[in-house]
Q: 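Take this structure, written in structure tokens, and hold onto it; I'll ask about it next.
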There are 2 protein chains.
Amino acid sequence: MLRLTKKADYGLMALKYLAEHAGEPSLSAKDIAEAYHIPPQLLAKILQKLTREGLLRSHAGMNGGYSLSRDAKEISAFEVIRAIDGPLFITSCTTGTSTCDLTASCTIKEPLARVNESIVELLRNTRISDLLDHSGREEAPPELVTIASVS
Amino acid sequence: MLRLTKKADYGLMALKYLAEHAGEPSLSAKDIAEAYHIPPQLLAKILQKLTREGLLRSHAGMNGGYSLSRDAKEISAFEVIRAIDGPLFITSCTTGTSTCDLTASCTIKEPLARVNESIVELLRNTRISDLLDHSGREEAPPELVTIASVS
DNA sequence: TGAACTCAGACTAATTTAGTCCTATACTCA
DNA sequence: TGAGTATAGGACTAAATTAGTCTGAGTTCA
């Protein structure tokens, strides 16, 4: 159904939370999990993955935790989703590894690949900073993107 | 992983096939299934659904089958996907029925809803006719949409 | 040292998606 | 009219994916 996994959701939420608390030393997986009522161990896994992918910086030990490795403006939703869920393909054909087992028959994949591209671009242009609550600010809030049909 | 279900893929493929053979009387589920090596009974189910949703016209009995209820230009990929997979929500929060069980906490959903909107728009602008093989035609083929970041 | 963390892999449970089976009904044509 | 070919649709099973748990490490710091 073209849905993000919960893990990706959690990941985005966590990054948003970290962005909001950028000043503070570092927040543990437990802290964030409690704030959002997410299973702590699951979130821990997610944050570990994001760390491995270079989106977060981790600090073990007491008073340890995570912090953004870059400014929230420099981290895109796409990076987060890809780090957690792997590469993004809209069609079940193009799983990256094997080519469509419907061999030559699946002629649909190519035009949909363009839609895929557009979605990726969309997510690339959505930054963690865009997820922050802008209420009370008067800068360009609503339209993230405009789409011009050509067809 | 933001992936279309196979059913949606199959549906799109079938509609494309029907569009290509628009002249001919009507093609049975079996015909199409064979052409693409799709499980016939599964495809039958899908076509039935598309018929119920008004995208196809069915005809039972000998030499029966399906045909597009409208011109391929008038059927969008979005309609097909929604007919098969149900409403399209990028976030697992907004499942339509229940609001996010992470109650107030999930503040991520609103900005992502806009991304969602854009994707829907994207799919709405993608018609079955766009899936047809345009090789040999010289009209506006490649860019379906252009995206202008605002942020 | 021990409390509070991260790290990582194996494992189980739950949910979703894919596909099958079976029966009923509709239409066509000889 | 009845045999053959099709759609219609519900119930069911199987497979795959996603979600979440458990366990046992290695770190850091007071």
Side-chain angles (χ1 to χ4, degrees), chain A residues 1-11 13-14 18 25-34 36-53 55-67 69 81 84-87 89 91-93 95 97-98 101-102, chain B residues 1-11 13-14 18 25-34 36-53 55-67 69 81 84-87 89 91-93 95 97-98 101-102:
Chain A
M1 288 171 183
L2 211 63
R3 183 162 297 165
L4 251 44
T5 61
K6 274 194 184 179
K7 289 181 188 175
D9 270 7
Y10 293 161
M13 288 161 74
L18 286 169
S26 74
L27 293 160
S28 72
K30 199 170 142 245
D31 291 336
I32 305 173
E34 276 171 4
Y36 289 117
H37 306 105
I38 297 172
Q41 309 219 53
L42 182 55
L43 183 62
K45 280 283 159 66
I46 295 167
L47 296 180
Q48 282 162 30
K49 219 173 209 172
L50 291 172
T51 304
R52 255 175 285 150
E53 300 288 329
L55 300 178
L56 293 179
R57 229 189 285 280
S58 69
H59 189 58
M62 222 173 162
N63 298 318
Y66 297 89
S67 56
S69 72
I81 294 167
I84 296 172
D85 286 341
F89 292 116
T91 49
S92 36
C93 302
T95 46
T97 55
S98 62
D101 44 317
L102 308 171
Chain B
M1 289 172 182
L2 210 62
R3 183 163 297 165
L4 252 44
T5 61
K6 274 194 183 179
K7 288 182 189 175
D9 271 7
Y10 292 162
M13 286 160 74
L18 285 169
S26 73
L27 294 161
S28 71
K30 200 170 142 248
D31 291 337
I32 305 173
E34 276 172 4
Y36 290 116
H37 306 102
I38 297 172
Q41 309 218 55
L42 182 56
L43 184 62
K45 281 281 159 68
I46 294 166
L47 296 180
Q48 283 162 30
K49 217 170 209 173
L50 291 172
T51 304
R52 255 176 285 150
E53 299 289 328
L55 300 178
L56 293 179
R57 230 189 284 280
S58 70
H59 191 57
M62 221 171 162
N63 298 319
Y66 298 90
S67 56
S69 71
I81 293 168
I84 296 172
D85 285 341
F89 293 116
T91 50
S92 35
C93 302
T95 45
T97 55
S98 63
D101 44 317
L102 308 170

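Chain letters run A, B, ... following the sequence lines, proteins first and then strands; every chain starts at 1.
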Q: Check step by step if side-chain contact (heavy atoms from CB on, under 4.5 Å) holds for B:Leu56 and B:Leu47.
A: CA-CA 8 Å; B:Leu56 293 179; B:Leu47 296 180; 3.7 Å; yes
Q: Give, for atom OG1 of B:Thr5 and atom CZ of A:Arg3, the distance between the pair rounded to the nearest 0.5 Å.
A: 11.5 Å
Q: Looking only at the side chain of B:His59 (C-beta and beyond, no hydrogens), which of the listed nucleotides C:dT28, D:dT7, D:dT28 gets closest?
A: C:dT28
Q: Calculate the interatomic distance between B:Leu42 atom CG and D:dA14 atom C1'; express it in whole Å.
A: 13 Å
Q: From the list D:dT7, C:dC7, C:dC21, which nucleotide is the closest neighbour of the side chain of B:Lys45?
A: C:dC21
Q: Which one, D:dT7, D:dT21, C:dC7, comes nearest to the side chain of A:Gln41?
A: D:dT21
Q: Is any side-chain nitrogen or oxygen of B:Arg3 closer than 4.0 Å to OP1 or OP2 of D:dT17?
A: no
Q: Roughly how many Å is it from CD1 in A:Ile32 to P in C:dC5, rounded to a whole number?
A: 12 Å
Q: Look up atom CG in A:Leu18 and atom OH in A:Tyr66, then write down how far apart they are to the nearest 0.5 Å.
A: 10.0 Å
Q: Rounded to whole angstrom units, what separation is found between the NZ atom of A:Lys6 and the P atom of C:dT16?
A: 9 Å
Q: To the nearest Å, how far apart are A:Glu53 CD and C:dC7 C1'?
A: 15 Å
Q: Measure the CD1-NZ distance between A:Ile46 and A:Lys7 for me, rounded to the nearest 0.5 Å.
A: 7.0 Å
Q: Which part of the nucleic acid, if any, lies within contact of B:Ala44, taking any heavy atom under 4.0 Å across all strands shown: a base, the sugar-phosphate backbone alone, or nothing?
A: nothing
Q: Of the candidate nucleotides D:dT23, C:dA26, D:dG20, which contains the atom at the shortest distance from the side chain of A:Pro39?
A: D:dG20
Q: Using a cut-off of strictly less than 4.0 Å, decide whether B:Tyr10 has a side-chain nitrogen or oxygen near OP1 or OP2 of C:dG19.
A: yes
Q: Quick check for you: among C:dT20, D:dT7, C:dC5, whose closest atom lies nearest to any side-chain atom of B:Ser58?
A: D:dT7
Q: In whole Å, what is the span from the CZ atom of B:Phe89 to the P atom of C:dT16?
A: 15 Å
Q: With distance as the sole test, does B:Ser69 use its side chain to make a donor-acceptor pair with the main-chain N or O of B:Leu55 at under 3.5 Å?
A: yes
Q: Quick check: on DNA chain C, is the nucleotide nearest A:Gln48 upstream (toward 5') of the one nearest A:Asn63, or the reverse? Name the residue that is more 5'.
A: A:Asn63
Q: Please state how far atom CD1 in A:Ile46 lies from atom P in D:dT18, giving the value in whole angstrom units.
A: 13 Å
Q: If you check every side-chain atom of A:Thr5, which of C:dA26, C:dC5, D:dA19 has the closest atom?
A: D:dA19
Q: How many Å lie between CG on A:Leu43 and C1' on C:dC5, as a whole number?
A: 14 Å
Q: Could you give the OH-to-P distance, from B:Tyr66 to C:dC27, as a whole number of Å?
A: 13 Å
Q: Among D:dA19, C:dC7, C:dT28, find the nucleotide with the atom closest to the side chain of A:Lys7.
A: D:dA19
